[in-house]
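Data first, discussion second: the structure below is written as structure tokens.
Protein chains get the first letters and strands the later ones, always in sequence-line order, with residue 1 at the start of each. All heavy atoms count here, side chains included; hydrogens, waters and symmetry mates do not.
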There are 2 protein chains.
Amino acid sequence: MGKITIKEIAKLAGVSNATVSRVIHSPHLVNQKTRERIQQVMESNNYVYDAVAGDLSRKKASVIGLIIPTIKNSIFSSTVYGIQEKAEEGGYTTIIGNSNYDTKSELNIMTLFQQRRIAGLILTGLSEGVSKRIREFMQLGIPSVVTWEKLDSSDICYAGFDNFKAAYSMTNHLIGLRHKRIGLIIGPYTRVRRVRSRLDGYKTALNEHSIPFDSDFIFESEYTLVDGKEAMQRLLSLPDPPTAVFAASDVLAMGALTAVKENGLRVPQDISIAGFDDLDFTAYLDPPLTTVRIPAFEMGQLAVKMLFEMIDGEMNQVRQYCLDTDLIIRQSCAEPALDNISL
Amino acid sequence: MGKITIKEIAKLAGVSNATVSRVIHSPHLVNQKTRERIQQVMESNNYVYDAVAGDLSRKKASVIGLIIPTIKNSIFSSTVYGIQEKAEEGGYTTIIGNSNYDTKSELNIMTLFQQRRIAGLILTGLSEGVSKRIREFMQLGIPSVVTWEKLDSSDICYAGFDNFKAAYSMTNHLIGLRHKRIGLIIGPYTRVRRVRSRLDGYKTALNEHSIPFDSDFIFESEYTLVDGKEAMQRLLSLPDPPTAVFAASDVLAMGALTAVKENGLRVPQDISIAGFDDLDFTAYLDPPLTTVRIPAFEMGQLAVKMLFEMIDGEMNQVRQYCLDTDLIIRQSCAEPALDNISL
DNA sequence: CTGAAAGCGCTTACAG
DNA sequence: CTGAAAGCGCTTACAG
């Protein structure tokens, strides 16, 4: 019933705790005969090492804390996967907290993580209110890295990408296709900085081509299919609707696509739709979605790699990686029909 | 730099560790003045409680271990969400291990979890090789519950659903639509028991309607879009292809749908497609997918609830819950065209 | 190569 | 209401 501890193994094998501990961690330090006997005893008693007690004793930690906005949505699953895989390789366990894009809850999770003695922290984006706390973490010796974003601060590590540039490129692509009325369905940019960067990228691209910015063309929404659909619905019922819509999330794009079809319109002949994220399913939509590929998996892996390096001592220097994004051109965007182009 | 411990707080406040510990856990036991002073000291020194040390000391655990096949796929995300939400409510943290449908790796994860002193374990399905280990866990006082499956063994707890019945109903539905040539694209039934139950449900339904079972109509595949697409491709190139295809996973169904469209065929006029899981996106496919709704979120919540009850002492009795599934009828299934019906 | 002892940060009877 | 002491399961200088 009660679980077997090192102490009991020691007693059964007629040695001290220290020696048992040694056969677990540095078997070469123990006389072969003794070692084998102890291993024997551990086996037959189904001894299971208590990693938590071990960590406490040697003042180390082997859990990595990860904060993502939500696990319900597939947006972050590649990142989580990249993190878990890499963490596991290094013998670390991952705990995940869902912030729901809320700063207060991020802060709460950070404290919870701290109580659980995490070895390092990975954040999905950096909310305004969190930077200070991150610095505290680093002061306390808890290395932290931000993903999904590129930061201005030079003292916080990140493995991210340029949201501005990614959105800028896609908008430019649509403009290159001769669209002038380009709608934008976008996530919670009021609350989330990296989403705001996407908005800025969109605006800047328009601006550079002297296309007037029309706030009726912008919809801020949660990352759900329904929201994407509803936003598109509204866009379509505008007196002079857009000829292309950039949905800055594939989930929103899929919702938008559905709305277009329900209105008996065709993509891309009647209206173009572009997405963001390059989730698995985008290649399987009808038509396949033009979108921007995000280095989701890579960011995860890199973030853990950075964490490891910091844990192993090179904590002194700040590392900042901005990974590339790619325009993935598929069939959901085309030039607007002639009668749609304002001459 | 070094983190503040209870001991230092005690010294600063001029009390013993015990008293500080008391203000953390049972403040009412401490004289108000003393308590306030101590709280004061904790605040101004940013004291953070060490939950790991606490757990060790009071011989309890506050982490729940969860094993799912994969986190990459959205299939399990509702379950994970249900679990995390409920666990959090009870002050528990969740750690997730990905087994990749592999028994050996499940066993490994279980040991890892054990080393991390989990308070309880939630498994997604029960592989043949794992039952024994589960019983060991329960013996050791680690309550365990299985989800996504209904078990025969009367001594293992579960919060699942009837895979056989779910697949049986859907197959029956297709038969009711007058389909006689019904293809099946299904997950790894050779390795996974609950998937085998689905296969059995399909077979039994056919059998009850004296529809001969045709092994050319069955494709076993991984749960990916590509696999669904390829399987459908093969099905369509059969000399006498099915008039309906039951893809026992929405992801496979989405892949299948793409293949059908690429072949210039229409769903459901030329061929019907049914899915399984009722993932978010199914209502947004073109056409919206007929599928079976799985109580994914509910299973997660219930599993944690059961775990809590067991942790709180009623560990003696085995609880087994089989939740309902629903046929979700949308537009991807219809009667076969007349010339397809064998008279 | 091995053991005794002190310690990781916290808790909990027990005694006062 | 509070403190001294033993303990959770493991580790690690130190000494031999």
Candidate nucleotides D/dT11, C/dC8, C/dC10, ranked by approach to the side chain of A/H25 - the nearest
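Nearest nucleotide to the side chain: D/dT11.
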Whole-Å distance between [N] [atom2] and [X] [atom1]?
X	N	atom1	atom2	answer
B/I24	C/dT12	CD1	C1'	14 Å
A/R117	D/dC10	CZ	C1'	12 Å
A/I4	D/dG9	CD1	C1'	13 Å
B/I6	C/dT12	CD1	P	11 Å
A/K60	C/dC8	NZ	C1'	14 Å
A/K59	C/dC10	NZ	C1'	14 Å
A/D50	C/dG9	CG	C1'	14 Å

Using nucleotides 1-3 of chain D, report all nitrogen or oxygen pairs with the protein that are shorter than 3.5 Å.
from: D/dT2; atom 1: OP1; to: B/T34; atom 2: OG1; distance (Å): 2.5
from: D/dT2; atom 1: OP2; to: B/N31; atom 2: N; distance (Å): 2.9
from: D/dG3; atom 1: OP2; to: B/S16; atom 2: N; distance (Å): 3.0
from: D/dG3; atom 1: OP2; to: B/S16; atom 2: OG; distance (Å): 3.1
from: D/dG3; atom 1: OP2; to: B/T19; atom 2: OG1; distance (Å): 2.5
from: D/dG3; atom 1: N7; to: B/R22; atom 2: NH1; distance (Å): 3.4
from: D/dG3; atom 1: N7; to: B/R22; atom 2: NH2; distance (Å): 3.4
from: D/dG3; atom 1: O6; to: B/R22; atom 2: NH2; distance (Å): 2.5

Parallel, tilted or perpendicular, judged at 30° and 60°: which one describes the rings of B/Y223 and B/Y101?
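Answer is tilted, since the angle falls between 30° and 60°.
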Classify the ring geometry between A/F161 and A/W148 as parallel (under 30°), tilted (30 to 60°) or perpendicular (over 60°).
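A/F161 and A/W148: perpendicular rings.
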When you look at A/E36 and A/Q32, which way does the side chain to side chain donor-acceptor pair (under 3.5 Å) test go after all the steps?
CA-CA 6 Å; A/E36 278 165 4; A/Q32 177 176 340; 3.1 Å; yes
Any side-chain N or O of [X] below 4.0 angstrom from OP1/OP2 of [N]?
X	N	answer
B/S57	C/dT11	no
B/K3	C/dC8	no
B/Y47	C/dC10	yes

State plainly whether the residues [X] and [Y] are in salt-bridge range, i.e. N to O under 4.0 Å.
X	Y	answer
A/E136	A/R133	yes
B/D50	B/K3	yes
B/R191	B/E222	yes
B/R193	B/D152	no

Intra- and interstrand pairs of DNA chain C - dot-bracket, Watson-Crick/G-U under 3.5 Å, | marks other strand:
|||.||||||||.|||
For B/L56, report the nucleic acid contact type (base, sugar-phosphate, nothing); a contact means any heavy atom under 4.0 Å.
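Here B/L56 touches the bases of the nucleic acid.
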How about A/D55 and A/S62: does a side-chain donor come under 3.5 Å of a side-chain acceptor?
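Result is yes, a qualifying pair exists.
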Can you tell me, in whole Å, how much space there is between the P of C/dA13 and that of C/dG9?
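That atom pair is separated by 23 Å.
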When you compare C/dT12 with C/dG16, how far apart are their C1' atoms, in angstrom units rounded to a whole number?
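Between the two C1' atoms, the distance is 16 Å.
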Donor-acceptor check, side chain of A/T124 to backbone of A/I67, threshold 3.5 angstrom: yes or no?
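Indeed, once roles are kept as given, a pair shorter than 3.5 Å links the two residues.
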Considering heavy-atom distances to DNA chain D, does A/R58 or A/K7 have its closest nucleotide positioned more toward the 5' end?
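It is A/K7, whose closest nucleotide lies nearer the 5' terminus.
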4.5 Å side-chain heavy-atom contact, A/V63 and A/T94:
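No - every pair of side-chain heavy atoms lies 4.5 Å or more apart.
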